[in-house]
Peer 1: 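Quick one: the structure is below, questions incoming.
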There are 4 protein chains.
Amino acid sequence: MPSASSGPSAPRAREFRTPDASRRSERSRRAILDASMELVGEVGYNKLTIEAVAARAGVGKQTIYRWWPSKAAVLLDAFTTVVTNAEYEAGIPDTGDLEADLKQVLRATVDEFTDASFEAPYRALAVAGAADEELSKEFLERLMEPGMEVYTRRLRSAQEAGQIAEDIDIGLAVEMLLGPFQQRWLQRTGTLTHEFTDALVELVLRGLAPR
Amino acid sequence: MPSASSGPSAPRAREFRTPDASRRSERSRRAILDASMELVGEVGYNKLTIEAVAARAGVGKQTIYRWWPSKAAVLLDAFTTVVTNAEYEAGIPDTGDLEADLKQVLRATVDEFTDASFEAPYRALAVAGAADEELSKEFLERLMEPGMEVYTRRLRSAQEAGQIAEDIDIGLAVEMLLGPFQQRWLQRTGTLTHEFTDALVELVLRGLAPR
Amino acid sequence: MPSASSGPSAPRAREFRTPDASRRSERSRRAILDASMELVGEVGYNKLTIEAVAARAGVGKQTIYRWWPSKAAVLLDAFTTVVTNAEYEAGIPDTGDLEADLKQVLRATVDEFTDASFEAPYRALAVAGAADEELSKEFLERLMEPGMEVYTRRLRSAQEAGQIAEDIDIGLAVEMLLGPFQQRWLQRTGTLTHEFTDALVELVLRGLAPR
Amino acid sequence: MPSASSGPSAPRAREFRTPDASRRSERSRRAILDASMELVGEVGYNKLTIEAVAARAGVGKQTIYRWWPSKAAVLLDAFTTVVTNAEYEAGIPDTGDLEADLKQVLRATVDEFTDASFEAPYRALAVAGAADEELSKEFLERLMEPGMEVYTRRLRSAQEAGQIAEDIDIGLAVEMLLGPFQQRWLQRTGTLTHEFTDALVELVLRGLAPR
DNA sequence: AGGTAATCGAGACGGTACGTCCCGTCTTATC
DNA sequence: GATAAGACGGGACGTACCGTCTCGATTACCT
């Protein structure tokens with residue numbers, strides 16, 4: 001049973017007859033994704049409506065409902081076509097100086113999360129994922145995990161170079177690096193600044209250093 | 001219609017004439033808080049409606065709108081009457097063994113966050129706070145910050161006892177402890193287990209130790 | 001079986017919780033009736049939509065659905081407040097000259113049915129009644145039967161005066177008078193003219209005369 | 001968008017390039033007519049949709065739109081292939097006894113109109129014709145007028161035989177016979193019984209008799 | 001027999017309206 | 001004056017069909 005969907009007035013499963021993807025209109029698809037990115041920036045996620053997206057995209061509502069199960073899913077698609085995978089493939093630079101590399105990347109990430117045009121849709125998705133377990137999986141797979149993976153690779157490389165103690169759980173180390181960042185951002189427990197990420201990197205690395 | 005408040009669709013400020021709190025019905029207040037706690041567990045935050053709360057509580061809708069600005073505010077009140085302040089006042093035990101004390105408290109916290117009747121409303125509030133900056137302040141002040149404060153006190157005490165290096169920023173240390181926890185929970189990047197929090201405490205303390 | 005209404009996706013009975021009629025807004029009621037009369041004249045019955053009526057009346061759709069089960073019911077109410085009962089109460093003049101009296105009234109009726117502002121809504125209702133048995137009852141009771149009743153009274157009076165044979169079934173006589181009229185009008189089997197109704201009266205009376 | 005055709009919402013003329021009738025699929029044509037007859041019986045005219053007909057017939061929607069201008073037109077075709085012209089060609093028996101002949105035919109007609117499988121589509125067409133002037137013409141030409149014509153012929157024959165006064169307008173006489181019948185049926189002003197038609201024939205003939 | 005042009009089944013598309021849900025405001029009668 | 005009740009204007013929901021369109025896959029005529 002697909003969990004969360006079966007309440008007393010469960011919104012019955014859509015799309016018994018799955019549509020024929022080969023006949024899908026690329027033009028409409030793009031228009032919908034573009035419109036939803038524009039609108040989420042203009043009015044925010046909660047006030048983003050399928051109706052407005054359809055109107056802005058010059059598209060029938062059914063065309064949205066035909067291909068996406070929810071407005072969150074639309075936005076996720078929209079966002080992931082913007083945040084190209086190229087971004088993740090580059091990975092974190094490896095100059096040999098772990099601390100400098102991490103600080104640099106985290107400073108860049110701070111800048112990114114401070115930019116409203118990136119922040120609005122990303123926050124919208126993070127929030128929707130936090131609220132809805134089903135959507136959460138998609139969000140993690142397509143955005144969060146690739147983001148965490150690059151750190152894992154860089155730390156693993158440092159561990160192999162002997163800059164990190166052998167008994168360290170790299171996965172946990174990544175969480176120590178990104179958890180505080182995410183918490184400050186998502187829950188607004190503090191401001192995102194370069195000073196913050198610098199200090200964070202330093203403190204985390206103190207715990208990772210070989211003894 | 002009470003025209004031109006601010007923006008075209010601004011959620012205009014309610015309650016110019018603030019109601020007379022001394023005449024407020026305690027009976028209704030309790031019924032509303034109880035009903036919202038019940039309902040958020042049954043249908044989730046997004047499907048929680050003021051109308052349903054009013055019906056369940058046997059209360060007019062206006063009685064809710066008179067005393068609270070939003071459904072999130074109702075839920076926040078409802079939740080904070082359940083999570084008694086007593087919980088925070090106790091603080092973290094101080095047996096002298098910092099690692100043991102932290103592990104114990106975090107294990108208890110894991111248990112709490114695994115209990116559905118606690119998790120549902122808390123997650124609802126966290127999500128609402130993540131989405132809405134205004135609400136976020138209330139949520140932080142009344143729930144998150146008191147929660148973080150007890151860790152701050154315990155770590156400060158350890159620092160004074162020389163168990164933590166003098167140059168450590170205790171605030172940051174608390175974030176390293178709770179950020180990964182919150183991230184796993186809120187964003188579902190991992191499961192909350194005692195093993196996880198144990199390992200987390202160990203790794204964090206490694207970075208805090210006096211050199 | 002109440003015929004046409006029970007398909008596989010029958011529109012489930014509305015209004016379990018019947019609204020409180022004493023709190024009904026007279027202002028909205030009038031606006032809805034006026035708007036529907038205007039619109040049926042402008043666009044015809046098939047293109048008349050609840051949505052347009054609500055918009056024109058400056059009313060929420062729910063306010064219509066709350067008080068009427070269908071657009072036909074709205075229109076029936078709208079029409080019957082225009083066609084005042086006074087019209088029927090007057091009855092057919094009784095000058096003693098049955099033929100002249102009938103001719104006069106039927107000529108007037110022809111004029112009425114030739115006037116577009118009367119014809120449009122009346123035809124709409126007749127059509128809707130022909131299609132839907134349920135609605136039909138209302139239509140008959142509130143419009144057709146009162147219309148036929150005045151003829152019944154006039155013919156009965158003539159029968160008592162000895163101008164109509166005693167063994168004549170007055171009800172059937174009325175049907176012979178109005179059936180051809182209605183058929184020409186509703187089914188468009190011919191044009192409605194004074195000549196037609198004059199000839200009709202003459203021929204019918206020929207059959208009613210005492211032998 | 002197929003710009004400026006005529007009015008803002010004019011149902012613009014389909015089929016500039018009229019299709020090649022010689023290549024038409026007889027198989028599809030039959031399937032469509034059968035499906036529409038089935039469906040009109042099951043769900044009624046208002047809930048009869050082109051989409052459902054196409055699905056039931058195993059046919060593309062375009063195949064319907066290619067050959068018929070509206071669902072009413074489809075149904076009219078469907079119905080007229082069932083009600084064979086043979087039925088009308090036979091005409092009304094002429095035994096010499098006009099009253100008996102008319103009573104017999106009208107009794108048979110009552111039976112026909114009481115049979116649901118005949119009544120449903122016929123009523124659908126009558127209603128559609130009443131609502132739509134354009135369609136009305138087709139309906140009259142192909143169904144009503146042939147039906148009235150047989151009465152005209154029989155009455156004319158009786159008039160020639162001296163059983164009907166010479167000055168009688170036969171057309172009007174037919175209307176007096178069928179108008180009340182149609183009114184009872186279409187508007188449900190009364191039940192269709194053999195007693196009714198018998199009495200109707202008698203009363204009408206009383207007016208037609210030579211003086 | 002092969003080419004080709006139209007019909008065919010299928011269904012995606014831009015739209016309109018549906019009937020429902022809930023919003024936040026308002027009105028009424030009760031306590 | 002706060003309250004329970006709920007009618008109100010309004011906005012969006014997700015669905016059903018409309019009539020048009022585009023896609024191969026047939027089909028039937030014409031070289």
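Hydrogens, waters and symmetry mates play no part in the numbers below; they use all other heavy atoms, side chains included. Predicted, not measured: the structure shown is a model, and the values here were computed from it.
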Peer 1: Between A57(A) and L48(B), which is nearer to the 5' end of DNA chain E once each is assigned its nearest nucleotide?
Peer 2: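 It is A57(A) whose nearest nucleotide is closer to the 5' end.
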Peer 1: dG24(E), dG9(E), dT25(E): which one has an atom nearest the side-chain heavy atoms of V59(D)?
Peer 2: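 Nucleotide nearest to V59(D)'s side chain: dG9(E).
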Peer 1: Which heavy atom of L135(B) sits nearest a heavy atom of A128(B), and at what distance?
Peer 2: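 Taking L135(B) first and A128(B) second, the nearest heavy atoms are CD2-CB, 3.3 Å.
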Peer 1: Compare the minimum distances between each of dT25(E), dA4(F), dC8(F) and the side chain of Q62(B), then state the nucleotide with the smallest one.
Peer 2: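 The closest nucleotide is dT25(E).
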Peer 1: Provide, to the nearest angstrom, the distance between the CD1 atom belonging to I50(B) and the C1' atom belonging to dC21(E).
Peer 2: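 Computing the I50(B):CD1 to dC21(E):C1' distance gives 14 Å.
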Peer 1: Tell me the interatomic distance from R24(B), atom CZ, to dA2(F), atom P, rounded to whole angstroms.
Peer 2: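 To the nearest whole Å, that distance equals 11 Å.
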Peer 1: Between the protein and nucleotides 27-29 of chain F, are there any N/O to N/O pairs under 3.5 Å, and if so, what are the atom names and distances?
Peer 2:
from	atom 1	to	atom 2	distance (Å)
dT27(F)	O2	R23(D)	NH2	3.1

Peer 1: Ignoring the backbone of Y65(A), work out which of dC13(E), dT25(E), dC13(F) is nearest its side chain.
Peer 2: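 My answer, after comparing the listed nucleotides, is dC13(F).
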Peer 1: In whole angstrom, give the distance that lies between atom CD of E51(D) and atom C1' of dA12(E).
Peer 2: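 Those two atoms, CD and C1', are 11 Å apart.
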Peer 1: CG of N46(C) versus P of dC18(E): gap in Å, rounded?
Peer 2: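 After rounding, the reported distance stands at 12 Å.
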Peer 1: Expressed as a whole number of angstroms, how long is the span from E26(D):CD to dC8(E):P?
Peer 2: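 Roughly 11 Å, once rounded to whole Å.
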Peer 1: Does T63(D) reach the main-chain N or O of V59(D) with its side chain, forming a donor-acceptor pair under 3.5 Å?
Peer 2: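 No; zero donor-acceptor contacts below 3.5 Å.
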Peer 1: To the nearest Å, give me how far apart CH2 (W68(A)) and P (dG14(F)) are.
Peer 2: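 It works out to 15 Å between those atoms.
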Peer 1: Which heavy-atom pair separates L48(C) from K71(C) by the least distance, and what is that distance?
Peer 2: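 In this case the closest contact between L48(C) and K71(C) is O-NZ, 2.9 Å.
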Peer 1: dG9(F) phosphate, OP1 or OP2: any side-chain N/O from T63(C) under 4.0 angstrom?
Peer 2: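 Answer yes for this pair, as a side-chain N or O of T63(C) is under 4.0 Å from OP1 or OP2.
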Peer 1: Check whether any side-chain nitrogen or oxygen of R66(B) sits under 4.0 Å from OP1 or OP2 of dT3(F), and answer yes or no.
Peer 2: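 For dT3(F), OP1 or OP2 has a side-chain N or O of R66(B) closer than 4.0 Å.
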Peer 1: I'd like to know whether CD of E133(D) has more than 12 heavy-atom contacts from other residues, nucleotides or ligands below 6.0 angstrom.
Peer 2: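 Incorrect, the count does not exceed 12.
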Peer 1: In terms of the nearest nucleotide of DNA chain F, which residue is placed more toward the 5' end: A55(B) or R27(C)?
Peer 2: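 The residue closer to the strand's 5' end, by nearest nucleotide, is A55(B).
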Peer 1: Among the nucleotides dA12(E), dG9(E), dC22(E), which one has an atom lying closest to any side-chain atom of T49(B)?
Peer 2: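 It is dC22(E).
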Peer 1: Counting distance only, does the side-chain N/O of S36(B) pair as donor-acceptor with the main-chain N or O of I32(B) below 3.5 Å?
Peer 2: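 Yes; at least one donor-acceptor contact below 3.5 Å.
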Peer 1: Can you work out whether A52(A) or A21(C) has the more 5'-proximal nearest nucleotide on DNA chain F?
Peer 2: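 Here A21(C) is the residue nearer the 5' end.
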Peer 1: Please state whether the phosphate of dC8(E), meaning OP1 or OP2, lies under 4.0 angstrom from any side-chain nitrogen or oxygen of W67(D).
Peer 2: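 Yes, because at least one side-chain N or O of W67(D) sits under 4.0 Å from OP1 or OP2 of dC8(E).
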Peer 1: Do other residues, nucleotides or ligands put more than 12 heavy atoms under 6.0 Å from the CZ atom of R27(B)?
Peer 2: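 No, because the 6.0 Å sphere around CZ of R27(B) holds 12 heavy atoms or fewer from other groups.
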Peer 1: Restricting to side-chain hydrogen bond (donor to acceptor under 3.5 Å, both in side chains), what partner residues turn up for R56(B), sequence neighbours left out?
Peer 2: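 For R56(B) the side-chain hydrogen bond (donor to acceptor under 3.5 Å, both in side chains) partners, ignoring immediate neighbours, are E38(B), E42(B).
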Peer 1: Above 12 or not: heavy atoms from other molecules or residues under 6.0 Å from CZ of R30(D)?
Peer 2: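 It does: R30(D) CZ has more than 12 such atoms within range.
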Peer 1: Look at the side chain of K61(A) against the base of dG14(E) and say whether a donor-acceptor pair falls under 3.5 Å; ignore hydrogens and angles.
Peer 2: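 Flag unset: no donor-acceptor pair detected.
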Peer 1: Between atom CZ in R29(A) and atom P in dC13(E), what is the gap in whole Å?
Peer 2: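 After rounding, the gap between these two atoms is 12 Å.
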Peer 1: Using whole Å, what does the distance between atom C1' of nucleotide dA2(F) and atom CD1 of I64(B) come to?
Peer 2: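 These atoms are roughly 15 Å apart.
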